[in-house]
Amino acid sequence: MATIRLGDTAPDFTADSSVGTLNLYDYLGDGWGILFSHPADFTPVCTTELGTASKFKDEFDKRNVKMLALSVDGASSHNEWIKDINETQDTQVNFPIIADEDRKVSDLYDMIHPKADNTLTVRSVYIIAPDKTIKLIITYPASTGRNFHELLRVIDSLQLTAYNKVATPANWEHGEDVVVIPSISTDEARQIFKKGVTEIKPYLRMTPDPTA
Ligand code: BEZ
């Protein structure tokens, strides 16, 4: 069983999917990626998640994030299930679902947590940066559907902090003030952040979102 941690290189794989054979790295190209697993086809929470994810695709596209789902059933089952998702969630599934019948990808990404369920994947989320490193891992139990607003919010934070010397405070959303990272001095921060820096404490310096 693999253990994947933040900063690791996302394992590449080639697998069958709802749209045919798919190679992860080719699919991602030089953009960002989100890989999220579902316990099984024809299950209620997963049906709502995939419908919601489809409706959020424009938002992921705006952020240059390729979407990729996974479930441990076969491609023909996925395609039957997609018809139900489209019908019941009033959408069109618009990204591939990996068909991981042999659990190859689930094992590679540690998506099966045997004490939760021996055979089905939990709800894992991996966000992969353009350099193919893993930037975020979140694990939800099968009984809790994911919040796709939160996934977009965290992508906004990851993309902002990848290119600017800032971090984002609790509940931050795009456009709100951000935190200056501890490794730069307040004087240095004042040179970098032309919109201004407020020093609340020597270790707590705020500046407006430099990208807003
Ligand atoms: C669901 O997707 O609805 C689900 C799957 C496995 C266990 C519980 C719920």
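Note that ligands are numbered from 1 as they come in the structure, with each ligand's atoms numbered from 1 the same way. Since we're looking at a predicted model, the values are computed, not measured.
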**Student:** List ligand 1 atoms under 4.0 Å from Val45, heavy atoms only on the residue side.
**Tutor:** 1 (C), 2 (O), 3 (O)
**Student:** Under 6.0 Å from the CG atom of Asp131, do we count more than 12 heavy atoms belonging to anything else shown?
**Tutor:**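 Buried by this count: over 12 neighbours within 6.0 Å.
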**Student:** Ignoring angles and geometry beyond distance, decide whether Ser143 reaches within less than 3.5 Å of ligand 1 through its nitrogen or oxygen atoms.
**Tutor:** no
**Student:** What is the closest protein heavy atom to atom 7 (C) of ligand 1, and at what distance does it sit?
**Tutor:** Ala142 CB, 3.6 Å
**Student:** Answer yes or no: is there an ion pair linking Lys165 with Glu188, defined by an N-O contact shorter than 4.0 Å?
**Tutor:**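 Answer for the salt bridge query: no.
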**Student:** Could you tell me if Lys104 sits above the aromatic ring of Phe13, with its cationic atom closer than 6.0 Å to the ring centre and no more than 45 degrees from the axis?
**Tutor:**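 Verdict for Phe13: no cation-pi partner in Lys104.
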**Student:** For atom 4 (C) of ligand 1, find the nearest protein heavy atom and state the residue, atom name and distance (0.1 Å precision).
**Tutor:** Arg123 NH2, 3.6 Å
**Student:** Does a salt bridge link Lys83 with Glu87, judged by any charged N lying under 4.0 Å from a carboxylate O?
**Tutor:** no
**Student:** Should Pro39 be counted as touching ligand 1, given the test is an N or O pair under 3.5 Å?
**Tutor:**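 It does not: no N or O of Pro39 is found under 3.5 Å from an N or O of ligand 1.
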**Student:** Check step by step if side chain to side chain contact (heavy atoms under 4.5 Å, CB included) holds for Leu35 and Val125.
**Tutor:** CA-CA 6 Å; Leu35 170 65; Val125 183; over 6 Å; no
